[in-house]
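Predicted, not measured: the structure shown is a model, and the values here were computed from it. Numbering of ligands and ligand atoms starts at 1, following listing order.
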Amino acid sequence: MEEEQVIRMDLCSSGKEKPQSDQLAFGRTFTDHMFLMDYTDEKGWHDPRVVPYEPLTVDPSAMVFHYGQSVFEGMKAYLTAEGDVQLFRPQRNFKRMNHSNDRLCIPPIDEAFALKAVKQLVALEKDWIPEAEGTSLYIRPFIISTEPFLGVAPSSHYQFIIILSPVGAYYKEGINPIKIAVENDYVRTVAGGTGEAKTGGNYAASLKAQEMAEEGIAQVLWLDGVERKYIEEVGSMNVFFKINGKVVTPALNGSILEGVTRNSVIQLLKHWNVPIEERKISMDEVYQAHKEGTLEEAFGAGTAAVISPIGELVSHHEHLEINSGQTGATAKRLYDTLTGIQYGKIQDPFDWVEKVEDIRQGTLRASG
Ligand SMILES: *Cc1c(COP(=O)(O)O)cnc(C)c1O
């Protein structure tokens with residue numbers, strides 16, 4: 001289909017009540033509208049529209065319910081002190097979505113059009129972006145397979161949906177180190193599996209380990225699924241260690257999800273001339289560094305928390321304390337810089353920020 005697509009606007013007459021900025025839980029409240037677009041093999045992606053937020057009508061035999069063919073993304077819109085609305089490297093999210101689509105045999109989306117759709121929806125819902133420090137509007141684009149068919153094959157019908165949720169500050173009283181358990185029994189995924197794709201199945205597979213972890217464990221540290229030796233990720237974040245002045249993060253290996261935050265951390269460290277290595281890193285190396293007193297910091301990186309310092313690692317009932325359980329200087333500097341750029345408080349030397357124009361009256365065009 002080469003004809004131009006216009007986003008149809010079907011707006012609700014009166015909005016819901018907005019929650020207080022200081023009473024926001026993560027992912028529980030949704031804005032007044034959502035974006036939808038359909039796919040069929042005959043028509044391609046078509047009928048992009050903004051409609052009132054409401055339950056979907058999906059056939060019980062829709063393939064997504066049975067075989068899990070779906071992908072999602074996660075990003076945020078930030079309100080600056082000047083009242084501007086900003087996105088952080090959103091192009092990378094849609095590029096990654098197409099990478100996930102490819103792995104799940106879902107037809108690709110037009111990345112530029114998807115970005116315009118996000119901007120149009122966010123601009124429409126601007127009043128839902130909370131103003132309090134550290135709050136934002138979480139953006140969840142996702143695709144589900146909707147063909148009514150109990151056959152194991154790629155679906156011929158899909159829906160691409162974007163919903164928005166105002167979210168509170170991740171850290172209410174300053175950034176707080178978390179306690180992590182090394183997961184020696186369960187694995188998240190393996191190279192050749194779907195670990196590189198952002199798909200719900202990876203999360204379904206991760207729940208058991210979290211449930212089995214002892215009280216007070218915030219997340220688990222995933223090891224590679226073959227040798228159970230090399231570190232992959234922490235919970236649903238990428239992971240970094242600072243050992244003897246050098247920052248190390250697991251190299252992308254086919255099972256690790258490539259985070260936008262991970263990539264930004266690497267670029268910032270390079271910019272600051274802090275040595276950064278992307279390579280295999282084993283749990284043995286971390287134990288050894290801890291024993292020798294060279295394990296300086298450990299932290300997770302992802303959109304929700306931005307930087308999440310690890311204060312303690314637990315494995316086989318052994319407890320490793322990192323940086324006396326305190327947030328390290330590198331983690332703090334990364335957190336302050338990334339959030340500073342996202343909220344427009346400091347200069348953005350990398351062109352990472354994408355402004356959302358006030359286009360509430362506008363219409364969009366794209367070839368699809
Ligand atoms: C989304 C995700 C991340 C973090 O990616 P960001 O783009 O930085 O938010 C890391 N690991 C997994 C498994 C994820 O799903």
Side-chain angles (χ1 to χ4, degrees), residues 26-27 68 70-78 87-101 103-104 111 114-115 118 136-143 165 167 170 178 180 183 186-191 193-210 218-225 230-241 249-269 276 278 281 298-310 331 334-335 337-339 341-342 350 352-354:
F26 183 88
S70 67
V71 298
F72 69 93
E73 270 305 324
M75 56 213 268
K76 287 172 171 176
Y78 309 86
L87 305 174
F88 184 72
R89 311 186 76 188
Q91 295 86 353
R92 287 188 81 91
N93 291 91
F94 290 114
K95 195 164 169 231
R96 182 169 70 190
M97 188 172 228
N98 269 342
H99 186 70
S100 303
N101 283 340
R103 181 65 183 81
L104 275 290
E111 293 167 26
L115 178 55
V118 161
S136 59
L137 187 67
Y138 186 77
I139 303 169
R140 168 55 56 87
F142 63 108
I143 299 177
S165 174
V167 295
Y170 196 90
I178 51 172
I180 297 293
E183 180 53 62
Y186 297 101
V187 297
R188 190 182 81 91
T189 177
V190 291
T194 53
E196 266 189 346
K198 219 169 168 72
T199 182
N202 292 338
Y203 281 74
S206 77
L207 298 175
K208 188 76 178 174
Q210 184 64 44
Q219 309 253 305
V220 301
L221 189 73
W222 298 109
L223 302 182
D224 81 275
Y230 297 100
I231 295 164
E232 300 234 312
E233 301 204 45
V234 59
S236 50
M237 292 180 284
N238 295 116
V239 66
F240 291 79
F241 295 88
T249 193
L252 300 176
N253 60 358
S255 58
I256 292 169
L257 194 287
E258 183 179 7
V260 176
T261 318
R262 176 188 185 275
N263 180 280
S264 309
V265 164
I266 292 170
Q267 284 200 48
L268 274 174
L269 293 171
I276 161 77
E278 293 178 68
I281 173 165
F299 54 89
T303 295
V306 187
I307 298 293
S308 202
I310 300 170
L334 286 164
Y335 179 81
T337 307
L338 286 167
T339 55
I341 291 172
Q342 289 163 344
F350 305 96
W352 281 342
V353 160
E354 179 89 19

Tell me which protein heavy atom sits closest to atom 3 (C) of ligand 1, plus the residue, atom name and distance to 0.1 Å. Ser236 O, 3.4 Å

Report the relative orientation of the aromatic rings in Phe299 and Phe240; use parallel for angles under 30°, tilted for 30 to 60°, perpendicular for over 60°. parallel

Under a 3.5 Å distance rule, please check whether Lys76 uses its side chain to pair with a backbone N or O of Leu87 as donor and acceptor. no

For ligand 1 and Val260, I'd like to know whether there is a polar contact (N/O to N/O, distance under 3.5 Å). yes

Tell me whether Thr199 contacts the main-chain N or O of Val71 through its side chain, where contact means a donor paired with an acceptor under 3.5 Å. no

Polar side chain donor-acceptor pair, Gln91 to Glu354, under 3.5 angstrom: yes

Protein contact to atom 5 (O) of ligand 1 [nearest heavy atom, distance to 0.1 Å]: Gly259 CA, 3.3 Å

Heavy atom of the protein closest to atom 15 (O) of ligand 1 (residue, atom name, distance): Tyr203 OH, 2.5 Å

Centroid-centroid under 6.0 Å between Phe72 and Tyr203 rings: yes

Could you tell me, atom by atom, which parts of ligand 1 come under 4.0 Å of a heavy atom of Thr303? 6 (P), 7 (O), 8 (O), 9 (O)

Under 4.0 Å between a Lys/Arg side-chain N and an Asp/Glu carboxylate O for Arg262 and Glu278? yes

Would you mind listing which atoms of ligand 1 come within a distance below 4.0 Å of any non-hydrogen atom of Arg96? 5 (O), 6 (P), 7 (O)

Tell me, which protein residue and heavy-atom name are nearest atom 12 (C) of ligand 1, and how many Å apart are they? Glu233 OE1, 3.4 Å

Knowing that exactly one of Val187, Val190, Asn253 qualifies, which makes a side chain to side chain contact (heavy atoms under 4.5 Å, CB included) with Glu232? Asn253

Could you tell me, atom by atom, which parts of ligand 1 come under 4.0 Å of a heavy atom of Arg188? 13 (C)

Between Met237, Glu196, Lys198, which is the residue that forms a side chain to side chain contact (heavy atoms under 4.5 Å, CB included) with Leu257? Lys198

Is it the side chain, the backbone, both or neither of Lys198 that has a heavy atom closer than 4.0 Å to ligand 1? side chain

May I ask you to list the atoms of ligand 1 that are less than 4.0 angstrom from any heavy atom of Thr261? 6 (P), 8 (O)

One finds that the ligand 1 atoms under 4.0 Å from a non-hydrogen atom of Asn238 are 10 (C)

